[in-house]
Structures are given as C-alpha cells and as structure tokens.
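Structure first, commentary second.
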2 protein chains.
Amino acid sequence: MYTIGDAAKATNLPTKTVRYYADIDLVTPSGRSDNGYRLYSDKEINKLIFTRRARSFGFSVQECRELLDLYENRDRSSRDVKAIAVNRIKEIEEKLQELQSLHDELTHLSETCNGDDRPDCPIIRGLAS
Amino acid sequence: MYTIGDAAKATNLPTKTVRYYADIDLVTPSGRSDNGYRLYSDKEINKLIFTRRARSFGFSVQECRELLDLYENRDRSSRDVKAIAVNRIKEIEEKLQELQSLHDELTHLSETCNGDDRPDCPIIRGLAS
DNA sequence: GTAAGGCTTCCAGTAGCTGGAAGGTCAAGA
DNA sequence: TCTTGACCTTCCAGCTACTGGAAGCCTTAC
C-alpha cells in the first residue's frame with residue numbers, strides 16, 4: 001500500500017494531481033489508513049500510470065474515464081477502444097492542419113518584416129487587415 | 001458610434017466577448033451613452049478586429065495587449081513586433097512536433113488493433129505500459 | 001521538546017471566455 | 001395605453017485540469 005506521496009513518486013504524477021483525481025472520482029484510493037491517509041494498492045498505481053499516459057496522449061479526463069472503464073472491464077471489445085482512439089487521431093490531424101497554416105501565415109508575415117527601427121511593419125498590417 | 005451589439009456584428013465577435021474585453025481593459029469603449037450603454041467608435045472597432053485576428057493566430061490576450069500597444073504607437077519599431085511573432089512561431093513549431101509524434105504513436109497503436117469483439121487490445125496495452 | 005516533513009481539508013486562482021438571472025431601456029404594434 | 005420583444009446593464013457561476021496556499025493534525029528523528 002502506498003500513501004499519496006509514494007503513489008505520486010511511483011506514478012510520476014504530482015501529489016496534488018493524484019489527490020485531484022481522487023476528488024473527481026477518476027482514480028480513487030482503495031481505502032484510508034487509521035489516521036485518514038489515502039492508501040493506494042498496486043491496482044490503483046497502474047490505473048494512475050495508465051491515466052498519466054492517456055493524458056499525455058491528449059485524451060481528456062472524460063475520455064480517460066471511458067478508457068479506464070474499458071481498461072478495467074475484461075469483456076470490453078477492442079472496437080470500443082479503437083473508436084475513441086480514431087476519434088482522437090482525427091482531432092489531432094485537424095489541429096495539425098490548423099497549426100500548420102497558422103505557422104505558414106505567420107512565417108510569411110515575419111519574413112516580409114525588416115525587424116528594424118522603422119515603424120512600418122507588415123506583421124501589424126497583416127493582423128489589422 | 002456602435003452599441004455593443006453593433007460592434008459585435010461589425011467585428012464578428014460574440015457580444016459577451018466584446019464586453020469581456022472591456023472588463024479586462026483590453027479594448028475599452030470610447031464612452032457610454034446617457035442610458036449607460038457602451039459606445040464604440042471606428043477606432044475601437046478596428047482594435048477589436050485586430051484583436052480577433054491576433055487571437056485567431058494563437059496570440060494570448062497578454063500578447064494581444066502588447067501588439068495593440070505597438071499597433072497604436074506609431075513610433076514603435078518593427079523589431080519589437082517581429083520579436084513577438086518569432087517567439088510565437090517557435091512555440092507553434094514545438095507544438096507541431098509534439099502533436100506529430102503523438103499522432104504517429106497513436107496511429108501505430110490504432111493500426112495494430114483489430115477493432116473487433118475480442119477484448120485483447122493493443123491500444124489499451126500501449127497506454128498501460 | 002521540537003523541528004521537519006508528511007498528510008488532511010478547503011478556498012482561490014489560472015485562461016478566456018460563456019451562460020444565466022434579474023432588471024433597466026426603447027421602439028413598434030394592437 | 002399597454003405590452004411584447006429585442007436590446008442593454010451588472011453580477012455570479014461554470015467550464016478544463018489542475019496548482020498554490022493556508023491552517024492544522026500525525027509521525028519520526030534528534
């Protein structure tokens with residue numbers, strides 16, 4: 001059994017975040033010690049690591065909730081999981097495109113700017129029009 | 001002079017957002033009418049449009065504040081503006097790389113998943129380990 | 001005995017809005 | 001004249017996913 005600090009170390013998550021996940025019932029401790037300390041078993045440690053990974057993959061907390069359900073449920077079909085992942089991939093692709101065109105526009109504006117002491121600035125002009 | 005609703009239409013921003021920008025002193029109305037309505041002149045309309053564009057380019061409100069200062073100040077050097085833009089481009093490039101590797105990893109996981117009724121799922125396994 | 005470090009709860013703040021409630025203002029129509 | 005609807009006002013709350021801090025209890029070491 002791990003106290004919250006030990007769980008934090010074991011999962012590479014901030015203590016505050018582990019407590020937060022408990023508060024929102026995402027990953028709840030398996031129990032409490034006599035003095036009221038949260039106690040985590042190996043099972044919860046794994047769920048916390050799973051959550052950290054999923055979060056770093058950009059899954060929202062809500063999606064993590066669904067994924068944890070699937071992760072826990074041995075009977076789940078891989079189809080359910082794949083649907084969530086494919087959704088996420090599509091979102092990432094949209095965001096990539098958006099960022100790319102942003103990048104290109106801004107780079108173009110920046111390249112046409114002298115970056116000197118004179119006030120005439122294509123970037124400002126580009127943003128204004 | 002525009003009331004807040006007219007300003008919203010003219011700038012293609014939600015009314016709530018225009019009011020919010022006034023609240024945080026980003027773009028303040030030039031005055032108030034007798035009945036207390038916010039009034040915007042063409043100058044503020046342009047600043048609102050400028051802000052909308054800059055926000056859509058991913059500049060933070062704080063950066064918009066700086067850009068608006070430069071936009072207003074005829075004596076500003078284009079160097080100052082370019083510095084902000086270059087900074088932003090660097091951030092975008094980092095985010096692009098991050099998203100790209102995320103995309104590749106997730107796509108890989110998804111491709112190795114059958115997406116059928118059986119519970120064995122490489123995505124779940126990939127997230128857990 | 002006390003100091004350090006862990007734990008607890010609760011409250012507030014972050015960014016950038018967005019939604020809603022309660023109420024004032026104004027023009028048009030029955 | 002009354003009322004309806006569309007404006008506008010302020011203020012408060014909520015969204016995401018934490019993060020920081022205060023006040024206070026518990027345990028261990030010196």
Side-chain angles (χ1 to χ4, degrees), chain A residues 1-40 44-45 47-68 87-88 91-92 95 98 102, chain B residues 1-40 44 47-68 88 91-92 95 98 102:
Chain A
M1 287 297 200
Y2 301 73
T3 61
I4 201 165
D6 295 339
K9 266 176 214 136
T11 60
N12 209 18
L13 280 168
T15 308
K16 278 270 187 188
T17 301
V18 179
R19 195 175 286 120
Y20 173 70
Y21 287 165
D23 285 349
I24 64 171
D25 281 326
L26 184 64
V27 180
T28 49
S30 46
R32 296 270 183 156
S33 68
D34 289 346
N35 52 22
Y37 290 10
R38 289 174 183 79
L39 292 177
Y40 293 88
E44 276 81 45
I45 298 298
K47 286 172 73 174
L48 283 171
I49 292 172
F50 180 90
T51 303
R52 177 175 56 71
R53 294 261 306 157
R55 287 285 302 127
S56 81
F57 270 78
F59 290 98
S60 71
V61 164
Q62 182 50 42
E63 284 170 324
C64 285
R65 229 180 265 277
E66 296 169 32
L67 286 169
L68 278 169
N87 220 21
R88 188 82 254 284
E91 283 170 19
I92 292 174
K95 192 77 194 166
E98 199 181 312
L102 207 66
Chain B
M1 285 297 200
Y2 301 74
T3 61
I4 200 164
D6 294 339
K9 265 176 213 135
T11 60
N12 210 19
L13 281 167
T15 308
K16 278 273 189 187
T17 301
V18 179
R19 196 174 285 119
Y20 172 71
Y21 287 166
D23 284 350
I24 63 171
D25 281 327
L26 183 64
V27 180
T28 50
S30 48
R32 297 270 183 155
S33 69
D34 288 347
N35 51 25
Y37 291 8
R38 287 173 185 80
L39 292 177
Y40 294 87
E44 276 82 44
K47 286 171 75 173
L48 283 171
I49 293 172
F50 181 89
T51 303
R52 176 176 56 69
R53 295 259 306 154
R55 287 287 300 129
S56 81
F57 271 78
F59 290 97
S60 70
V61 164
Q62 182 50 41
E63 284 170 324
C64 285
R65 228 179 265 277
E66 295 168 31
L67 286 170
L68 278 169
R88 189 81 255 284
E91 282 170 20
I92 291 175
K95 192 77 195 164
E98 199 181 312
L102 207 65

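The sequence lines fix the lettering, A, B, ..., with proteins before strands; numbering per chain opens at 1.
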query: Does the pair B/Lys47/B/Glu44 count as a salt bridge with the N-to-O cut at 4.0 Å?
result: no

task: Compare side-chain N and O positions of B/Asn35 against OP1 and OP2 of D/dC8 and report whether any pair is under 4.0 Å apart.
output: no

message: Over all strands shown, is A/Ile24 touching base, sugar-phosphate only, or nothing at heavy-atom distances under 4.0 angstrom?
response: nothing

Pairwise distance OG1(B/Thr17) to CG(B/Asp23) - rounded to 0.5 angstrom: 11.0 Å

- prompt: With respect to the phosphate group of C/dC7, does any side-chain polar atom (N or O) of A/Ser33 fall under 4.0 Å of OP1 or OP2?
  reply: no

message: Nearest whole Å is fine: how far is C/dT25 P from B/Leu39 CG?
response: 16 Å

- prompt: Measuring from A/Phe50:CZ to A/Ile45:CD1, what's the distance to the nearest 0.5 Å?
  reply: 15.5 Å

task: Quickly work out the A/Ile4 CD1 to D/dC18 P distance and round it to whole Å.
output: 14 Å

- prompt: Whole Å only: how far is the CZ atom of A/Arg52 from the P atom of D/dC18?
  reply: 12 Å

message: Checking B/Asp25 against B/Thr28: is there a side-chain donor and acceptor pair closer than 3.5 Å?
response: no

- request: Please state how far atom OH in A/Tyr2 lies from atom P in C/dG6, giving the value in whole angstrom units.
  value: 18 Å

query: What nucleic acid atoms does A/Thr3 come within less than 4.0 Å of, heavy atoms only: base, sugar-phosphate, or nothing?
result: sugar-phosphate

query: Of B/Tyr21 and A/Lys9, whose closest DNA chain C nucleotide lies nearer the 5' terminus?
result: A/Lys9

- request: Send over the distance from A/Tyr40 OH to C/dC7 P, rounded to a whole Å.
  value: 10 Å

query: C/dG16 phosphate, OP1 or OP2: any side-chain N/O from B/Arg65 under 4.0 angstrom?
result: no

query: Given atom CZ of A/Arg55 and atom C1' of D/dT19, what is their separation to the nearest angstrom?
result: 14 Å

- request: Would you kindly give the OH-to-P distance between A/Tyr20 and D/dT16, to the nearest whole Å?
  value: 8 Å

- request: Any chance you could measure B/Tyr21, atom OH, to B/Leu13, atom CG, to the nearest 0.5 Å?
  value: 6.0 Å

query: Side-chain N or O of A/Arg19 less than 4.0 angstrom from OP1 or OP2 on C/dT8?
result: yes

- prompt: Looking only at N and O atoms, is any donor in the side chain of B/Tyr37 or the base of C/dG24 less than 3.5 Å from an acceptor on the other one?
  reply: yes

- prompt: Given C/dC10, D/dC18, C/dG20, which nucleotide is nearest the side-chain atoms of B/Lys16?
  reply: C/dG20

- request: Find the distance B/Leu13:CG to C/dC17:C1' and express it as a whole number of Å.
  value: 12 Å

